[in-house]
Number of protein chains: 2
Amino acid sequence: MAQRPRITIKDVARAAGCGVATASRVLNKSGPASAATRARVEQAARDLGFAFSATGRALQSRRSRTIGCLIPSLANPVFAEAVQAAQEELRAAGYQLLIASSNYDGSTDNEVLTTLLAQDVDGLLVTMVEPHTSAPLHAARERGLPVSLMFHDPVAGLPSAHVENAAAARIVARQFADRGHRRCGFLALRFATSDRSRSRFEGFAAECAALGLPAPELIEISEAEAANPAILAARLAEYAAVTALFASNDFLAIAVQKAARHLGWQVPQDLSVVGFDGIEVGRLLDRPLATIETAPAALGRQAARTLLAGLQGEEMRQAPPLPFTFRAGATLSAPRAQGPDDDRVAARPPSVPPSPSNDRQDRQG
Amino acid sequence: MAQRPRITIKDVARAAGCGVATASRVLNKSGPASAATRARVEQAARDLGFAFSATGRALQSRRSRTIGCLIPSLANPVFAEAVQAAQEELRAAGYQLLIASSNYDGSTDNEVLTTLLAQDVDGLLVTMVEPHTSAPLHAARERGLPVSLMFHDPVAGLPSAHVENAAAARIVARQFADRGHRRCGFLALRFATSDRSRSRFEGFAAECAALGLPAPELIEISEAEAANPAILAARLAEYAAVTALFASNDFLAIAVQKAARHLGWQVPQDLSVVGFDGIEVGRLLDRPLATIETAPAALGRQAARTLLAGLQGEEMRQAPPLPFTFRAGATLSAPRAQGPDDDRVAARPPSVPPSPSNDRQDRQG
DNA sequence: TGGTGCTGTGGAAACGTTTCCACCCTCATA
DNA sequence: TATGAGGGTGGAAACGTTTCCACAGCACCA
């Protein structure tokens, strides 16, 4: 625990018998130096175990080589994967990632952003509740700091790496309609704090309307409700007429199936379920999940690249939306033929397990 | 993009008509100041939108209020959750998290650590391939930097937030034995680069021996093999005598089931499977996964707390290992009664789906 | 011989803070 | 009326870098 004092470039210079300016030039290969001096300095640095202080450098160069990253939570694998990819990309370019999360809370978003800015970050990688109205985010822009959004639909002036949530949701509506579903539902988690969730619902509802289906039910639930199958089942039971449910993410779609089992409903015969995100486990399930497959890693990478462009003084241009895919799965089928008074609870058990079809359709760019 | 020059405390002092020392005292509430001056300074700071530069502060105080975090990958939800929890804990104490990942590569580990150290971090939160032999990690210790490990069994002098992998694995062996299994296997991912995986195998093998079972088969696979059910199936087919498989993590355990389906094997009748980690989806599956349940968030939190103690100059003491639970599930049962020549491929299909039992056993502290 | 142009070098300023120190006041006490 | 105490204040040093600038020495050319 003996806090040794830091070895500075002065120590190196002294040991090498030269001035700090010379030592700096040698160690940075940034200017002329005689072979002899060069050797002495390098030797001294090695002997002393010298390492530059990023703080000293940052102060003098006014760039910290550090990027601030704000996301709702790393516990959501979609964000975690995006951050992982962004981190790899930035590291390759010599930048470090300073991470903070808000737990989906708008005011925490702003607090955290303020702290990040005070840390002299060179750029910002952000997914937050309200990017368009955030004061600190706006301040960062004003200051000329490169800002790159992730997962958001592009906001005025702020480039965003994103998938077109609404367009993807429209495809889900069409899949339901194609199979003869009419009463659809959208199961939303964190509807108030996630513009992704809202965009998906909008697209879904719009396409339902375009296809002449009744307006889909919007079923908002809390995280607590999502985590408890019995409670979730009770919520779902309120919507017995719904034969096709679009869940705002894959975990929710999986949870729904457990809840359906509670109610004695068969998936997909009594209730078709489609998720969003395309997480890996979804395809390994007995009953592979029908879902919209996205690539969070590609998204993180794209956001990082856009940011890097900005950091190099280039124009930060909005990249095209990232591709997504509708992945067919055994949780989606035609609704059970049913009379007006059909009681779902009396449904017969299925004779054969659903075939684990796993093909892809509707590739989009 | 008009890079406005930074507002410094000098600007505030000038605007308030006082010296920088006074402005600093007012803004930090760190010394005396008349009510009038105080008001002028605060007003000026507000008007100018002043924010302290963490760099300037770090340079002068020789502490950056920043923690370096090194993990294999955020794409693994176990690490992501731990980091998320640690981040929350550290943020509450006024620290920021600088994150880097190594992709399970030992030499990247050391490179990254070196970079992190150069960033003047105040402490280190680490999961890496070889903590006990890492030169930069050792250097950090030498320098008196608090270091807190995550997921590792405690290494000489370095406290680690961990679960007892070997002890947990022993329980799995006992569960298998209790149900009459004799030929067991351990399916290992990244065996060479994960001491967790190795500890689990050791505990598992030791308990098998203690129970008089034959030594378990060690089945090492690559990530590529794990991701492809057909290939994984081919690997598993080599071990037809094995009736009970312990997978080194839950995702692998889920993948195994898909591979088993490929081979026409029934889980659990033909092959019992137990995982490790206790990820949430595991319990939502049709056939809930038997597994060792751990709490990565608690682990991350504990590591952060230990580190915080060190940062406050207190002794960093090794906390007790974190609790784990054996979670029973439908992927574990007695082996199918079979003669010496029984051909598993000819097995009849099961008549009833396994009951989704979900009780817990074997709580440990 | 005097200039010109290199190469190699080091002093010093600057970056934004905090804090030590010295100074000037004012007020109470002797 | 002197003395002391203490509150309020600002100058300046320090933290570890980089870079501007000046200068010394040397070789070359006219």
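Residue numbering restarts at 1 for every chain, and letters A, B, ... go by the order of the sequence lines.
- The side chain of B:Q60 lies closest to D:dA14, out of D:dT18, C:dG10, D:dA14.
- Inspection of the B:N103 and A:E88 side chains reveals an N or O donor paired with an N or O acceptor under 3.5 Å.
- The distance between atom CZ of A:F52 and atom C1' of D:dT19, rounded to the nearest whole Å, is 13 Å.
- For the pair A:L59 CG and D:dT18 P, the interatomic distance rounds to 12 Å; values are reported in whole Å.
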Item to complete: Kindly determine whether A:Q96 and B:T115 satisfy side-chain hydrogen bond (donor to acceptor under 3.5 Å, both in side chains), including the steps that lead there.
Response: CA-CA 9 Å; A:Q96 307 291 311; B:T115 325; 4.9 Å; no
Practice prompt. Would you check, one step at a time, whether the test side-chain contact (heavy atoms from CB on, under 4.5 Å) holds for A:I99 with A:V83?
Written response: CA-CA 9 Å; A:I99 284 206; A:V83 171; 3.4 Å; yes
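- Across the interface with DNA chain C, nearest-nucleotide mapping of B:R25 and B:S53 shows B:S53 to be the residue nearer the 5′ end.
- Between the side chains of A:T66 and A:D122, no donor N or O sits under 3.5 Å from an acceptor N or O.
- The CZ-P distance, from A:R6 to D:dA14, rounds to 19 Å in whole Å.
- Nearer the 5' end of DNA chain C, as judged by each residue's closest nucleotide, is the contact made by A:P32, out of A:P32 and B:T8.
- Here C:dT18 is the nucleotide among C:dT18, D:dG16, C:dT17 with the atom lying nearest to any side-chain atom of B:N28.
- Residue A:T55 places no side-chain N or O under 4.0 Å from the OP1 or OP2 atom of D:dT17.
- A straight line from CZ of B:R14 to C1' of D:dG10 spans 15 Å, rounded to a whole angstrom.
- Residue B:A23 is the one, among B:A23 and A:I7, whose nearest nucleotide of DNA chain D lies closer to the 5' end (criterion: closest heavy atom).
- Distance, A:D11 CG to D:dG16 C1': 10 Å, rounded to whole Å.
- Here B:Y104 pairs with nothing under the ring-ring contact (aromatic ring centres under 6.0 Å, His included) rule; sequence neighbours left out.
- Contact between the side-chain N/O atoms of B:R57 and the OP1/OP2 oxygens of C:dG16 is not found at any separation under 4.0 Å.
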Worksheet item: Based on Watson-Crick and G-U pairs with both distances under 3.5 Å, what dot-bracket line describes DNA chain C 5' to 3', crossing pairs as [ ] and inter-strand pairs as |?
Response: ||||||||||||||||||||||||||||||
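- For D:dT9, the OP1/OP2 oxygens have a side-chain nitrogen or oxygen of B:S34 closer than 4.0 Å.
- Within 4.0 Å (heavy atoms only), A:S61 reaches no atom of the nucleic acid at all.
- Side chain to side chain, A:Q302 and A:R305 fail the donor-acceptor criterion of an N or O pair below 3.5 Å.
- Across all strands shown, A:G19 has heavy atoms under 4.0 Å from sugar-phosphate atoms exclusively, and none from any base.
- A donor-acceptor contact closer than 3.5 angstrom links the side chains of B:S107 and B:D105.
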Item to complete: Please lay out, stage by stage, how B:E130 and B:T133 fare under the test side-chain hydrogen bond (donor to acceptor under 3.5 Å, both in side chains).
Response: CA-CA 6 Å; B:E130 299 222 317; B:T133 62; 3.0 Å; yes
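- Within 4.0 Å (heavy atoms only), B:A33 reaches sugar-phosphate atoms of the nucleic acid but no base atom.
- The side chain of A:R62 has C:dC15 as its nearest neighbour among C:dT9, D:dT17, C:dC15.
- Between B:K10 atom NZ and C:dA13 atom P the separation is 13 Å, expressed in whole Å.
- For D:dG10, the OP1/OP2 oxygens have a side-chain nitrogen or oxygen of B:T22 closer than 4.0 Å.
- Considering only the side chain of B:C18, D:dG10 comes nearest among D:dT17, C:dT18, D:dG10.
- For B:A21, counting side-chain heavy atoms from C-beta on, the closest listed nucleotide (D:dG11, D:dT17, C:dG8) is D:dG11.
- For the pair A:I9 CD1 and D:dC15 P, the interatomic distance rounds to 15 Å; values are reported in whole Å.
- Using a 4.0 Å heavy-atom cutoff across all strands shown, B:A51 reaches sugar-phosphate atoms only and no base atom.
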Practice prompt. Apply the test side-chain hydrogen bond (donor to acceptor under 3.5 Å, both in side chains) to residues A:D120 and A:S64: give CA-CA distance (whole Å), side-chain angles for both, the deciding distance (0.1 Å), then the verdict.
Written response: CA-CA 6 Å; A:D120 298 314; A:S64 62; over 6 Å; no
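- As judged by a 4.0 angstrom heavy-atom cut-off over every strand, B:S30 is placed among residues making no nucleic acid contact.
- A:D122 places its CG atom 18 Å from the P atom of C:dC15, with the value rounded to the nearest Å.
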